[in-house]
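Excluded from the calculations below are hydrogen atoms, water molecules and symmetry mates; all remaining heavy atoms, backbone and side chain alike, are included.
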Amino acid sequence: VVRVARCASVYLRSVTLGIALVRRLNRDGQAAAFLHAGYSQDPAVAAAIRRLVAETNAEAGRTMAFSITDDVESGMPYVAAADVCIGSGRTAIEAIGLERPTFVAWGARYLGLVDAGNIHGMADTNFQGRHSETVASDEDVVIDMADALSRRRANREAADSTQSACGAFVRDRYSVQGAVDAYERLYADRTVVVESAFRTFARPGYVAREIFYRLPTSLRQSGIIRALGHPRSPAQRLDANI
């Protein structure tokens with residue numbers, strides 16, 4: 001089980017959940033190990049992760065959890081080889097694109113194991129779980145994760161089909177062409193292009209700044225602009241005088 005994340009407090013819960021999931025899997029007779037990969041954005045959180053890893057291994061009597069904190073990118077080869085990933089945001093997108101079974105956990109939010117039925121809703125928040133409901137407890141989350149994983153592994157053919165479909169969805173949605181298509185739809189909307197432009201250019205301050213930055217550099221730096229007498233930036237001075 002791999003979780004690629006910075007050592008920041010918002011990610012600590014999902015790291016804790018990953019270790020708890022591995023503990024549960026091992027108790028149920030399924031050999032599993034956990035790896036956290038990232039970089040140390042918050043030394044206190046990094047220390048908390050190291051303590052949790054050490055406690056887990058001491059309790060198990062063997063090495064069952066690992067944490068490396070060189071850089072986030074170092075985790076991606078592990079994601080490609082992982083049986084299970086826990087991610088959010090870019091990490092989740094990359095794991096799903098690699099067709100790995102992926103749980104989405106972001107801060108105090110848990111969205112579940114990605115499948116064809118929930119991937120569209122998760123993608124609406126870019127797999128970050130904002131505005132989603134919290135789960136009653138970490139224990140409930142771990143139980144849900146273990147049950148979902150058990151169901152996914154029970155039917156290998158269906159699992160492969162699900163992961164392939166989710167991977168194709170992510171690769172299409174987050175491709176360069178996908179971004180182009182999204183911008184084309186956006187700028188085809190009259191409300192965005194025309195009405196927004198009218199509202200923007202109806203503001204004298206905005207127009208003043210546009211004019212200022214289109215002046216030759218020599219004129220913008222001349223004493224004429226500075227002599228407008230306003231204590232702020234040249235663009236703001238021009239704005240104030242207009």
Check: So, R51 and E55, do they make that salt bridge, N to O below 4.0 Å?
Finding: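 The answer is no: the pair does not qualify as a salt bridge.
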Roughly how far, to the nearest 0.5 Å, is [atom2] of [Y] from [atom1] of [X]?
X    : Y    : atom1 : atom2 : result
L17  : D138 : CG    : CG    : 5.0 Å
R171 : L98  : CZ    : CG    : 8.5 Å
F169 : I93  : CZ    : CD1   : 10.0 Å
F127 : Y174 : CZ    : OH    : 5.0 Å
N155 : S161 : CG    : OG    : 9.5 Å
L21  : M145 : CG    : CE    : 4.5 Å

Check: Are R152 and T162 linked by a side-chain donor-acceptor pair shorter than 3.5 Å?
Finding: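 Per modelled atom types, R152 and T162 side chains form no pair under 3.5 Å.
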Notebook entry, point to check: If you measure only the distance, is there a donor-acceptor pair under 3.5 Å linking the side chains of D140 and Y110?
Noted result: no
Margin query: With a 3.5 Å distance limit and no angle check, can you tell me whether D172 reaches the backbone of A168 through a side-chain donor-acceptor pair?
Written below: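 Absent.
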Measure across [X] and [Y] and return the closest heavy-atom pair with its distance rounded to 0.1 Å.
X   : Y    : answer
V2  : A82  : CG2-CB, 3.7 Å
G87 : T102 : N-CG2, 4.4 Å
T56 : A65  : CG2-CB, 4.2 Å

Notebook entry, point to check: Which of these, V4, V53, I68, T69, sits in a side-chain contact (heavy atoms from CB on, under 4.5 Å) with H36?
Noted result: T69
Notebook entry, point to check: Does the side chain of I49 reach to within under 4.5 Å of the side chain of V45, using non-hydrogen atoms?
Noted result: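 I49 vs V45: side chains touch.
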Check: D147: what forms a side-chain contact (heavy atoms from CB on, under 4.5 Å) with it, not counting sequence neighbours?
Finding: I143, R151
So for atom [atom1], which belongs to [X], do other residues, nucleotides or ligands contribute more than 12 heavy atoms lying within a distance under 6.0 Å?
X    : atom1 : answer
Q30  : CD    : yes
N118 : CG    : yes
R62  : CZ    : yes

Next item on the list: Would you mind listing every salt bridge (Lys or Arg N to Asp or Glu O under 4.0 Å) that reaches into residues 31-49, with sequence neighbours excluded?
Entry: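 As it turns out, there is no salt bridge (Lys or Arg N to Asp or Glu O under 4.0 Å) pair with a partner in residues 31-49 once direct neighbours are skipped.
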